[in-house]
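What follows is a single structure, written as structure tokens, with notes after it.
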Amino acid sequence: MPEGPEIRREADRIEAAIRGRRIEEVYFGLQRLTEWADALTGATVEAVDTRGKALLTGFDNGYTLYSHNQLYGKWMVRRRGVLPKTNRQLRVALHTAESSALLYSASTIEVLPTECLPEFPPIARLGPDVLDATLGWKEVALRLRDPKFSGRAVAALYLDQHFMAGVGNYLRSEVLFAAGVHPSARPKDLSTGHIGRLARATLSISRRSYETGGVTVPKALAGRLKKEGLPRSAHRFSVFARQGLPCHQCGETITRINASSRRLYFCPRCQPE
Ligand SMILES: [Zn+2]
């Protein structure tokens, strides 16, 4: 499933194509939504935002299109009139004079008054967004210390969108590695120093992934590994999907475990229990 950084980059592409443009034609591929096509036709797109893994397309007539890709959804942007060759089901099409923003395969789609967004349950229950530029690491540290979260293993906590929105499976492994925190650690057992490191890594690794298009290792290291001729898959992550390979930092073999039914990777030496 795409995580916060991937969704945000998808939103950037859509925004570049349709923001500030009048939507001339709207299509909905889900029966329950077809009545909304008229309401959105002729409106202008004001913003394409994200909250966690949800994408929010705001229109100047007071409505917002909420969509969540879940496992299969995919947005594509094309020149108008040039539809991609795909077997996917078209679920939303927003056509401006020049471009089309097309959502395929997703089924978690709603149209609602923008003013109702904060109370809309899938949005209301989200924690702070890791890509929110106004969010500071001290707020994340406070959240880690909150009794609501501090007694749970970080491996479970970091998949809970109510704790922090936008973190998914690869970010979970990469953030815990960057902070040197073992997956089974509970925030209440961590030192103040470790909480600070974890809070800072939560934001810095997520933001780096957004800026680099999914690379979470430090820039200098990624450059060096690339120069050694390693493929992107080998220099993208510190631990994720690197089971059996040596840690970039200490040489120890990366371990894979299952945590909250999803695969998690860590370095036993850099992240001691
Ligand atoms: Zn290591």
Side-chain angles (χ1 to χ4, degrees), residues 1-6 130-131 135-138 140-141 143-145 149-161 163-164 166-273:
M1 186 193 283
E3 303 182 19
E6 287 72 41
V130 281
L131 295 178
L135 181 68
W137 70 268
K138 287 182 180 166
V140 180
R143 210 159 170 82
L144 283 164
R145 287 279 187 224
F149 305 114
S150 66
R152 295 168 60 193
V154 287
L157 206 50
Y158 272 78
L159 288 186
D160 183 350
Q161 300 298 296
F163 167 61
M164 293 293 302
V167 176
N169 209 36
Y170 81 79
L171 281 176
R172 169 176 73 160
S173 290
E174 294 296 297
V175 165
L176 296 180
F177 172 80
V181 170
H182 190 275
S184 67
R186 297 175 304 178
K188 70 175 180 184
D189 300 328
L190 293 174
S191 67
T192 308
H194 257 122
I195 290 285
R197 247 179 306 195
L198 183 53
R200 282 190 292 266
T202 303
L203 300 181
S204 64
I205 297 293
S206 304
R207 288 167 186 177
R208 180 185 293 159
S209 184
Y210 165 62
E211 284 157 17
T212 58
V215 178
T216 55
V217 303
K219 199 175 166 199
L221 176 61
R224 182 159 62 75
L225 295 169
K226 209 169 164 180
K227 225 180 252 171
E228 288 170 15
L230 294 175
R232 175 181 156 88
S233 59
H235 61 70
R236 180 178 173 193
F237 296 130
S238 295
V239 289
F240 190 78
R242 296 195 66 242
Q243 178 190 17
L245 293 170
C247 173
H248 296 313
Q249 207 160 275
C250 76
E252 179 68 88
T253 304
I254 303 299
T255 299
R256 171 184 164 156
I257 56 170
N258 264 337
S260 300
S261 313
R262 308 279 304 277
R263 59 200 171 114
L264 184 152
Y265 302 81
F266 73 105
C267 171
R269 192 180 293 167
C270 295
Q271 299 163 263
E273 210 161 348

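Each ligand, and each atom within it, is numbered from 1 in the order the structure gives.
The tally of protein N/O/S atoms under 2.8 Å from the Zn ion (ligand 1) stands at 4.
Between the side chain of Arg242 and the backbone N or O of Pro246 there is at least one donor-acceptor pair closer than 3.5 Å. Side-chain N or O atoms of Glu174 include none that pairs as donor or acceptor with a backbone N or O of Ile205 at under 3.5 Å.
Under the side-chain hydrogen bond (donor to acceptor under 3.5 Å, both in side chains) criterion, Arg172 pairs with Asn169, not counting sequence neighbours.
A donor-acceptor pair shorter than 3.5 Å can be found between the side chains of Tyr170 and Glu6.
A salt bridge does not link Arg207 with Glu211: every distance from a Lys NZ or Arg NE/NH1/NH2 to an Asp or Glu carboxylate oxygen is 4.0 Å or more.
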Can you check side-chain hydrogen bond (donor to acceptor under 3.5 Å, both in side chains) on Ser260 and Tyr158, steps first, answer last? CA-CA 10 Å; Ser260 300; Tyr158 272 78; over 6 Å; no
